[in-house]
Amino acid sequence: MLFTRAGIKTQKNAPHDADSKNAELLVKGGFIKREMAGVYSYLPLGLKVLQKIKIIIREEMGNVDACEVLMPALTPLENWKKTGRDQVDIAYKPNEKTVLGWSHEEMVTPLAKEFLTSWKDLPLSLFQIQTKFRDEARAKSGILRGREFIMKDMYSFHQSQEGLDTYYERVKEAYFRVFQRCGLIAYSIEASGGEFSNDISHEFAVITNAGEDTMVFCKQCGWAQNTEISTQKGGKKCPHCAETLDEKKCVEVGNIFKLGKKYTEAFDVQVPNAEGTRETPVMGCYGIGVTRLMGTIVEAFHDENGICWPLPVAPYTVVIIPIGRKEEFETSLLEAKKLEKTLSEKGIDVLVDDRDESPGKKFGDADLLGFPIRVVISPKTLEKGEGEWKIRTEKESKNILLEKVGEEVLKIL
Ligand code: ATP
Ligand code: MG
């Protein structure tokens, strides 16, 4: 892809209203555009990142045998009356009959009711990746807390509590894999069920100063608790191992709940068991804030020059920067395009900065936009058929034969 065709416009200055690094860098880099408080457009570069995160999530949800569906965002108020959640103050209500979905238990449970005609249909796990609407009192921190945001929400139905318990643990592992593949270290924090249930739940937290929560945690064994409920403090000994506890601000990137029969009872879901007796399935629900995850990655991976995307979620893995004056630039650009073709054939995402801009501007933008690998092609490097290779997070660069670049990229991908 050529820079001039990729729909990228960077800004020189940070937006004056940016209250966090993700708001600053994502807007400055032209990944997103703020439309109003807590509402953003995702521009070509931003959408590419989002798509990569979604692919990771889809793969991992597939690994726990979940099927993808897409339910409407516009939902009947009637359904919410059945569970008593029609008066929740974060709900947007376009009119007296509808609610913009802020969670989807009220939609998925009646859906499952039609599907579950026999115990053989259990367990059932459905997920969607969809826009949610919440009238947050304080939309803040860029895409960490929006009023419109993308969530992956999943709901599972089981014949028995044991079935749910086993599945819940499988999903927990899948969640760790999702966050790990996004480059993040997540801690699972035992929490109360909150709005959803009186039963157990786990939040997944990532350490970042932009987070609204604080947790005490153990780097050694992974034990963690929200300081709101914990009796522990940073500096004390971990209750599970000999390590000293840390205390840091964090953001909730995911949340899983055991819902029990609250929703299946409300919608009168009954499934005949092997003996023909009708039983009410137990339910679990599992959320990941997809757009919040993207913002969290920026909070975790940036430096004074811009974003440093982890490889699996980078909008482009490699940026090739041809430089030189006049005809020499044309030669560099030609070589850059040749290299782009070779790398693309290997399945590598490549951007060629074909702009008529100074090298300084191109290097600055490459750092701001955070592409993991940069290859500069200049008249000087071309004398030996080489380019200058640099990893975004490293200081040193090295020269590399252009024909070796593909191999080198695949080694670290
Ligand atoms: P929070 O405590 O941060 O308000 P929540 O507990 O209300 O979040 P859940 O209902 O558990 O959120 O939603 C599942 C996931 O969706 C959360 O773990 C979070 O990652 C994400 N999420 C929730 N609210 C927002 C929001 N306003 N903007 C972006 N992502 C959100
Ligand atoms: Mg939550």
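When a ligand or atom number is given, it counts from 1 through the structure's own listing order. Both backbone and side-chain heavy atoms feed into the values below; hydrogens, waters and symmetry mates do not. This one's a predicted model, so the numbers in the text were calculated from it and none came from an experiment. Numbering starts at 1 and runs along the sequence shown.
- R145 has a carboxylate O that lies under 4.0 Å from a charged side-chain N of E136, or vice versa, which qualifies the two as a salt bridge.
- Both the sub-6.0 Å distance and the 45° axial angle are not jointly satisfied by R134 relative to the ring of F149.
- Residue-ligand proximity: G146 is placed with a non-hydrogen atom under 4.0 Å from ligand 1.
- Distances between N or O atoms of M151 and those of ligand 1 include no value under 3.5 Å.
- Geometrically, K132 does not engage W102 in a cation-pi contact, judged by NZ or CZ lying under 6.0 Å from the ring centre and within 45° of the ring axis.
- Taking the six-membered ring for Trp and the full ring otherwise, Y187 and F204 have centroids separated by 6.0 Å or more.
- Note: H104 and Y155 fail the aromatic proximity criterion, with ring centroids not under 6.0 Å apart.
- Between L144 and ligand 1 there is a heavy-atom distance shorter than 4.0 Å.
- Of the N and O atoms on the side chains of H202 and Y168, at least one donor lies less than 3.5 Å from an acceptor on the other residue.
- In terms of polar-atom proximity, defined here as any N/O pair under 3.5 Å, V253 does make such a contact with ligand 1.
- Distance check for S201 against the Mg ion (ligand 2): none of its N/O/S atoms falls below 2.8 Å.
- The closest approach of E252 to the Mg ion (ligand 2), by N/O/S atoms, is made by OE2.
- Of the polar atoms of G287, none of the N or O atoms is found under 3.5 Å from an N or O of ligand 1, judged by distance alone.
- Inclusion of N255 in the set of residues having an N or O under 3.5 Å from an N or O of ligand 1 is warranted.
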